[in-house]
Amino acid sequence: MKQKAQLASGRLPLRQMHIFAVAARHGSFKKAAEELCVTPQAVSLQVRSLEESLQFELFVRLPAGIQLTAEGGQLLDYVERGVNLIETGIADIRAKQGRRQFNIRVSPWFAVHCLLPGFSEFEARYPQVDFNVRTALRFPDFSREDIDVAIQWGFGQWPFRHKQSLIRDDKCLVCAPELVRRKPLLNPQDLLQQRLLCTELSVYLWQQVLEHFGLDTVVERQAMPLDSQASQIEATLRGLGVALMSEDVAREYVASGDLIQPLGDWTVSQLDPALMPGYWLIASESLDDLHSDTLVADFIRWQQQQLQANALVKHRIATE
């Protein structure tokens, strides 16, 4: 009954599983006992207790020894796979002992367009380092995660000592031509009647823009937060609302006639320089400064060189 309670509560009898696997491998309780340095009776009792807790037999007891039942053979397969997985994990941990883990958290758009192109070349400089790159829309929790460097979209508002702007992301207000035919957008006041397209992180930007125009509203009621910039672009092109879109992308669609700037040709930085977001590099607070760690410093230099060579973003590189 005790073993049944253990299984019901999710605590597997791992010691008995091990004894069962050894007995199955030898086909004998006696030989298993010799390997385990216990008596054959102890092995037999442990296996019988396991069978009672599982409520099915693992072996057929024969005069010449023991033979796995169909259920026993199936369980043995799972046990051996589990042991192999554990051994692989142990080997992996041992292999990483003495190797540095360099953990990077990065906004999805930046990862695709700015970090991953050419990243394998940077990795090759440090064969003794394990690089772990994960994308995250939200700002990561440095206090709970082991993070060396993060690259995130925002306004640089985070209370970190080690942060620097990498590229600007100025925005233009745009919409599809058909939208204004359905809902006039002649002045900022008309924004109160429009759906505001944005990503989860840029709801705040809409709030600041509307406040700049002196409009009092709960932005969340009008906002349609989308999962990515690509989704925001698609929704804007389909006339689902008004968007604050990255300047270079917006101007490309305006030039083709797919989008318009209904309130005039301006960017959020022209309304207020403090409104312009961008992508920022933030390093762990455990560093004395951004250049005290050779690997971090080299990564920053490499990333800046990559941005300089990237035709998509080099004109947006921060100059501060």
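Note that the coordinates shown come from a computational prediction; the quantities given were computed from them, not determined experimentally.
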**Q** Does Q74 have more than 12 heavy atoms from other residues, nucleotides or ligands lying within 6.0 Å of its CD?
**A** no
**Q** Minimum heavy-atom separation for P140 to A150, with atom names?
**A** CG-CB, 3.9 Å
**Q** With H26, which of E34, K31, E35 fulfils side chain to side chain donor-acceptor pair (under 3.5 Å)?
**A** E35
**Q** May I ask you to say whether R316 pairs ionically with D169, meaning some side-chain N is under 4.0 Å from a carboxylate O?
**A** yes
**Q** State whether the side chain of N103 and the backbone N or O of D146 hold a donor-acceptor pair below 3.5 Å, judged by distance alone.
**A** yes
**Q** Considering all heavy atoms of both residues, which atom of L215 and which atom of P188 are nearest to each other, and what is their separation?
**A** CD1-O, 3.2 Å
**Q** For the atom pair CD (Q194) and NZ (K183), what is the distance rounded to the nearest 0.5 Å?
**A** 5.5 Å
**Q** NE2/H18 to CG/L50 distance, rounded to the nearest 0.5 angstrom?
**A** 13.0 Å
**Q** Between atom NZ of K171 and atom CE of M276, what is the distance when rounded to the nearest 0.5 Å?
**A** 11.5 Å
**Q** If you draw a 6.0 Å radius around CZ in F155, do more than 12 non-hydrogen atoms from other residues or ligands fall strictly inside?
**A** yes
**Q** To check you understand the geometry: which heavy-atom pair defines the closest contact between F102 and V129, and what is its length?
**A** CB-CG1, 3.8 Å
**Q** Between Q46 and Q41, does a side chain to side chain contact (heavy atoms under 4.5 Å, CB included) hold up when you go through it step by step?
**A** CA-CA 9 Å; Q46 290 294 326; Q41 291 80 5; over 6 Å; no
**Q** For Q222 and L192, what are the C-alpha separation, side-chain angles and deciding distance, and is it a side chain to side chain contact (heavy atoms under 4.5 Å, CB included)?
**A** CA-CA 8 Å; Q222 294 178 245; L192 298 177; 4.1 Å; yes
**Q** Are F119 and V296 linked, directly or through other ILVMFWY residues, by side chains that come within less than 4.5 angstrom of each other?
**A** yes
**Q** For G257 versus P177, what's the shortest heavy-atom pair and its separation?
**A** O-CG, 3.8 Å
**Q** Should we say atom CZ of F160 is surrounded by more than 12 heavy atoms from elsewhere, each under 6.0 Å from it?
**A** yes
**Q** Does any donor atom in the side chain of E211 or Q207 lie under 3.5 Å from an acceptor atom in the other side chain?
**A** yes
**Q** How are the rings of F139 and F142 set to each other: parallel, tilted or perpendicular (split at 30° and 60°)?
**A** tilted
**Q** So, does D190 use its side chain to make a donor-acceptor pair with the main chain of L186 at under 3.5 Å?
**A** yes
**Q** CZ/R81 to CG/L76 distance, rounded to the nearest 0.5 angstrom?
**A** 10.5 Å
**Q** Could you tell me whether R182 and E178 make a salt bridge, using a distance below 4.0 angstrom between a side-chain N and a carboxylate O?
**A** yes
**Q** Considering residues, nucleotides and ligands other than R238, do more than 12 of their heavy atoms fall under 6.0 Å from its CZ?
**A** no
**Q** Hey, is CG on D216 packed in by over 12 heavy atoms from elsewhere, all under 6.0 Å?
**A** no
**Q** Using the rule given for side chain to side chain donor-acceptor pair (under 3.5 Å), can you reason through S284 versus D148, listing the C-alpha separation, both sets of side-chain angles and the distance that settles it, and then say yes or no?
**A** CA-CA 5 Å; S284 171; D148 293 280; over 6 Å; no
**Q** Counting heavy atoms not belonging to R125, are there more than 12 under 6.0 Å from its CZ?
**A** yes
**Q** How far apart are the closest heavy atoms of L244 and V268, and which atoms are they?
**A** CD2-CG1, 4.2 Å
**Q** Taking only Lys NZ, Arg NE, NH1 and NH2, and the carboxylate oxygens of Asp or Glu, determine whether D141 and R105 approach each other closer than 4.0 Å.
**A** no
**Q** Would a single hydrophobic cluster contain both L237 and L179, if residues Ile, Leu, Val, Met, Phe, Trp and Tyr are joined by side-chain heavy-atom contacts under 4.5 Å?
**A** no
**Q** Calculate, to the nearest 0.5 Å, the distance between atoms CG and CG belonging to L115 and N310 respectively.
**A** 11.5 Å
**Q** If you group Ile, Leu, Val, Met, Phe, Trp and Tyr by side-chain heavy-atom gaps below 4.5 Å, do V203 and W109 land in one group?
**A** yes
**Q** In Å and rounded to the nearest 0.5 Å, what is the OG1 to CH2 distance from T199 to W153?
**A** 5.5 Å
**Q** Determine whether L58 and E71 satisfy the following criterion, side chain to side chain contact (heavy atoms under 4.5 Å, CB included), listing intermediate values before the conclusion.
**A** CA-CA 6 Å; L58 300 171; E71 295 83 359; 5.6 Å; no
**Q** Angle between ring planes, Y279 versus F110, binned at 30° and 60°: parallel, tilted or perpendicular?
**A** tilted
**Q** Search all heavy atoms of R61 against all heavy atoms of F59 and return the closest pair with its distance.
**A** NH1-O, 3.2 Å
**Q** Quick one: does R168's side chain have a donor or acceptor within less than 3.5 Å of a partner on H315's backbone?
**A** yes
